[in-house]
Amino acid sequence: MSTPRLLILGTCEHRMILKGYPEIGFFKTTADLAGICRRLLPDQSKRRELRDAGMKILVHPENTFAARWRSIIEWCDLGVPRKEQTSS
């Protein structure tokens with residue numbers, strides 16, 4: 001099993017998927033990512049906390065690739081607008 005990722009780009013989609021994940025686990029910029037890494041490197045217990053929180057959230061049948069593809073197909077069938085279609 002690969003090591004789970006602890007830090008995630010803080011997009012709306014990622015925050016929706018990882019609802020309840022600790023805020024320190026999200027970054028916005030590379031500078032933000034570097035700062036979080038500096039804080040987490042010496043703090044093994046915080047890294048474990050992030051890992052455990054992520055696994056608790058993600059290890060569910062609705063978070064498989066098959067489930068994600070079903071959601072994408074449903075969105076396409078429903079005509080959910082893409083980002084570029086909603087921008088003015």
Side-chain angles (χ1 to χ4, degrees):
M1 182 176 192
S2 64
T3 303
R5 292 186 178 129
L6 300 174
L7 304 176
I8 299 110
L9 183 61
T11 65
C12 292
E13 294 85 1
H14 290 156
R15 288 176 181 278
M16 189 171 75
I17 292 168
L18 291 160
K19 188 175 183 179
Y21 193 64
E23 186 60 32
I24 194 171
F26 294 102
F27 66 92
K28 295 177 185 171
T29 66
T30 54
D32 191 24
L33 175 60
I36 295 168
C37 288
R38 283 188 197 96
R39 288 195 302 273
L40 290 176
L41 275 173
D43 193 344
Q44 186 176 21
S45 65
K46 184 54 123 176
R47 292 193 317 268
R48 280 192 186 127
E49 179 185 325
L50 287 172
R51 179 199 62 204
D52 293 346
M55 294 301 285
K56 186 176 180 180
I57 292 167
L58 291 175
V59 180
H60 295 284
E62 63 271 15
N63 290 327
T64 64
F65 279 109
R68 291 178 190 171
W69 281 109
R70 279 192 293 278
S71 293
I72 290 168
I73 291 167
E74 287 173 15
W75 294 341
C76 291
D77 288 344
L78 292 172
V80 175
R82 294 188 312 262
K83 191 174 191 176
E84 60 271 10
Q85 290 176 327
T86 59
S87 301
S88 309

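Nothing here was measured: the structure is a model prediction, and the numbers come from that model.
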Taking all non-hydrogen atoms of both residues into account, name the closest pair between [X] and [Y] and its distance.
X: Cys37; Y: Leu7; value: SG-CD1, 3.7 Å
X: Ile24; Y: Leu40; value: CD1-CD2, 4.1 Å
X: Pro61; Y: Ala67; value: O-CB, 3.8 Å

For Ser45, check side-chain hydrogen bond (donor to acceptor under 3.5 Å, both in side chains) against everything at least two apart and list the hits.
->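 Residues passing side-chain hydrogen bond (donor to acceptor under 3.5 Å, both in side chains) with Ser45: Asp43.
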Please tell me if the side chains of [X] and [Y] come closer than 4.5 Å, counting only heavy atoms from C-beta onward.
X: Trp69; Y: Thr64; value: no
X: Ile36; Y: Leu6; value: no
X: Phe27; Y: Leu9; value: yes
X: Ile8; Y: Ile17; value: no

Euclidean distance, Arg51 CZ relative to Gln44 CD, rounded to 0.5 Å =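 Rounded to the nearest 0.5 Å, the CD-CZ separation comes out at 8.5 Å.
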Distance from Met55 atom CE to Leu50 atom CG, nearest 0.5 Å?
->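 The CG atom of Leu50 is 13.5 Å from CE of Met55, to the nearest 0.5 Å.
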Counting N and O atoms only, with roles assigned by atom type, does the side chain of Arg47 sit under 3.5 Å from a partner on the main chain of Leu41, one being a donor and the other an acceptor?
->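 It does hold such a pair.
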